[in-house]
Amino acid sequence: MKRIAVLASGRGSNFQAIQDALAAGKINGEIVALLTDNREAYAIERADTAGIPAIVLNYKDYTSKAEYERDLLTAMQDVGADLYVCAGYMRIIGPEIAREFSGKMINIHPALLPAFSGLHGQRQALEYGVKIAGCTVHFVDEGLDSGPIILQKAVEVLDDDDEDSLSERILEQEHIAYPEAVALFCADRLHVSGRRVKILPEANNQ
Ligand code: GRF
């Protein structure tokens, strides 16, 4: 069974979706810790309810990003998870952490990468005028939303969509895609070769 740590900065609905999938027996793993950079994150309440230890490294209490990243790196090493899941974690992962946890750290982004990386993916998609938007689960590398892609789910952009309505429909797909990706990782079914992530058939699962 894989040990999973979740990094979240706010609402934590993706964190919840992964918890629900675990509770339903869809993922062969357990969440061993929540790590957050925000002491006011609602995700902390979700962790408390589920009896998951929350490690709070309140970013605003730090005088530099380097100092914060050092503490985060140590906290992540102490947790010793097999998989680190960024679920609405709103800070760019520094290169040292990205390197240390390469192949073990994943993120979800509310756009079909490589389009619309960075903040407000849904707004960027609307402003650009694309007809298909969506979400992407990918490995974390040293770039911004640039690691190998594990799963994507598409969402049609409707003529009367605004940022909220589109974000809401993308979020529904995030809540499907993220538990799916975590389940595949925990079943050792992701094979990374360069930029391509192949999903191994269930039968190959040892
Ligand atoms: C999601 O849209 C996610 O894709 C983005 O931030 C949002 C987090 O939502 N990175 P939640 O905290 O999981 O509810």
Side-chain angles (χ1 to χ4, degrees), residues 2-19 21-22 26-29 31 34-37 43 69 72-73 76 81-125 128 130 132-155 157 166-167 169-200:
K2 303 276 194 219
R3 293 164 56 79
I4 303 165
V6 174
L7 286 83
S9 301
R11 180 177 59 181
S13 70
N14 279 291
F15 172 38
Q16 188 67 54
I18 293 165
Q19 276 185 48
L22 279 159
K26 294 181 183 159
I27 300 172
N28 184 24
I31 302 180
L34 168 75
L35 292 133
T36 182
D37 61 331
E69 286 265 321
L72 178 60
L73 175 63
M76 289 173 74
D82 300 300
L83 175 65
Y84 297 85
V85 175
C86 298
Y89 177 70
M90 301 311 282
R91 302 204 174 273
I92 294 170
I93 298 287
E96 206 185 337
I97 292 182
R99 275 196 299 272
E100 168 99 11
F101 300 102
S102 171
K104 289 179 153 197
M105 191 168 191
I106 62 177
N107 181 44
I108 191 157
H109 181 72
L112 293 177
L113 293 170
F116 315 129
S117 60
L119 287 176
H120 309 299
Q122 307 96 325
R123 189 191 303 169
Q124 292 184 58
Y128 196 90
V130 294
I132 305 287
C135 62
T136 304
V137 182
H138 62 92
F139 282 103
V140 172
D141 68 4
E142 291 181 45
L144 175 65
D145 299 326
S146 60
I149 290 172
I150 300 167
L151 282 181
Q152 295 186 300
K153 301 273 181 202
V155 170
V157 180
L166 180 61
S167 299
R169 292 204 314 290
I170 292 175
L171 192 64
E172 282 172 19
Q173 294 305 312
E174 292 183 38
H175 294 164
I176 297 168
Y178 222 178
E180 226 174 275
V182 172
L184 289 168
F185 183 97
C186 290
D188 293 321
R189 289 182 57 198
L190 299 179
H191 179 260
V192 187
S193 155
R195 284 212 50 86
R196 296 190 69 189
V197 181
K198 293 196 181 142
I199 296 176
L200 304 174

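Atom set for the values below is all heavy atoms of this structure, side chains included, hydrogens, waters and symmetry mates excluded.
In this structure, Ala81 and Arg3 approach most closely via the heavy-atom pair CB-O, 3.4 Å. Of all the heavy atoms in Ser146 and Asp141, the pair that sits closest is OG-OD1, 2.7 Å. Shown here for Ala43 and Gly12, the closest heavy-atom pair between the two residues is CB-CA, 4.1 Å. Contact between Ala87 and Phe15 at its shortest, heavy atoms only, is CB-N, 4.1 Å. The minimum heavy-atom distance linking Val197 with Pro148 is given by the pair CG2-CB, 3.6 Å. Across all their heavy atoms, Phe116 and Gln124 have their closest contact at CA-OE1, 3.4 Å.
Partners of Ala17 according to the side chain to side chain contact (heavy atoms under 4.5 Å, CB included) rule, which considers only residues two or more places apart in sequence or in another chain, are His175, Pro179. For Ser102, there are no side chain to side chain contact (heavy atoms under 4.5 Å, CB included) partners at least two apart in sequence or on another chain. The salt bridge (Lys or Arg N to Asp or Glu O under 4.0 Å) search around Lys153 returns Glu180, not counting sequence neighbours. Checked against salt bridge (Lys or Arg N to Asp or Glu O under 4.0 Å), Asp37 has the following partners two or more places apart in sequence or in another chain: Arg91. Residues forming a salt bridge (Lys or Arg N to Asp or Glu O under 4.0 Å) with Arg123 (at least two apart in sequence, or on another chain): Glu163.
The closest donor-acceptor contact from the side chain of Gln152 to the backbone of Ala111 lies at 3.5 Å or more, if one exists at all. With hydrogens and angles disregarded, no donor-acceptor distance shorter than 3.5 Å links the side chain of Asn107 to the backbone of His138. Side-chain atoms of Ser117 do not come within 3.5 Å of backbone N or O of Asp145 as any donor-acceptor pair. A donor-acceptor pair under 3.5 Å links the side-chain atoms of Thr36 to the main chain of Ala8, judged by distance alone. With Glu142 contributing its side chain and Ala98 its backbone, the two residues share no donor-acceptor pair below 3.5 Å. Although no hydrogens or angles enter the test, the distance criterion places a donor-acceptor pair under 3.5 Å between the side chain of Arg189 and the main chain of Leu200. Put simply, the side chain of Arg195 gets close to the backbone of Gly147: a donor and an acceptor are under 3.5 Å apart.
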Step by step, would you call Ile27 with Ile4 a side chain to side chain contact (heavy atoms under 4.5 Å, CB included)? CA-CA 11 Å; Ile27 300 172; Ile4 303 165; 4.3 Å; yes
Assess whether side chain to side chain contact (heavy atoms under 4.5 Å, CB included) is satisfied between Leu83 and Lys2, documenting all intermediate values. CA-CA 7 Å; Leu83 175 65; Lys2 303 276 194 219; 5.7 Å; no
Gln19 vs Val6, side chain to side chain contact (heavy atoms under 4.5 Å, CB included): CA-CA, chis, key distance, verdict: CA-CA 10 Å; Gln19 276 185 48; Val6 174; over 6 Å; no
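The only member of Gln122, Gln173, Glu172 that meets side-chain contact (heavy atoms from CB on, under 4.5 Å) when paired with Val155 is Gln173. For the pairing with Tyr178, the side-chain contact (heavy atoms from CB on, under 4.5 Å) check across Val137, Leu151, Ile150 returns one residue only, Val137.
Going from atom CD1 of Ile106 over to atom CG of Leu7 covers 11.0 Å, rounded to the nearest 0.5 Å. In this structure, the separation between SG on Cys186 and CG on Asn28 is 7.0 Å, given to the nearest 0.5 Å. Note that CG of Leu190 is 13.0 Å distant from NZ of Lys198, once rounded to the nearest 0.5 Å. Here CD1 of Ile132 is found 8.5 Å from CG of Leu112. Values are rounded to the nearest 0.5 Å. With rounding to the nearest 0.5 Å, the separation of CE in Met90 from CG in Leu119 is 5.5 Å.
Applying the 6.0 Å contact sphere to CD of Glu100 captures more than 12 heavy atoms from other residues, nucleotides or ligands. Around atom CD1 of Ile199, more than 12 heavy atoms belonging to other residues, nucleotides or ligands sit under 6.0 Å away.
Within the structure, ring pair (Phe, Tyr, Trp, His ring centres under 6.0 Å) contacts touching residues 89-111 (residues at least two apart or in different chains) are Tyr84-Phe101.
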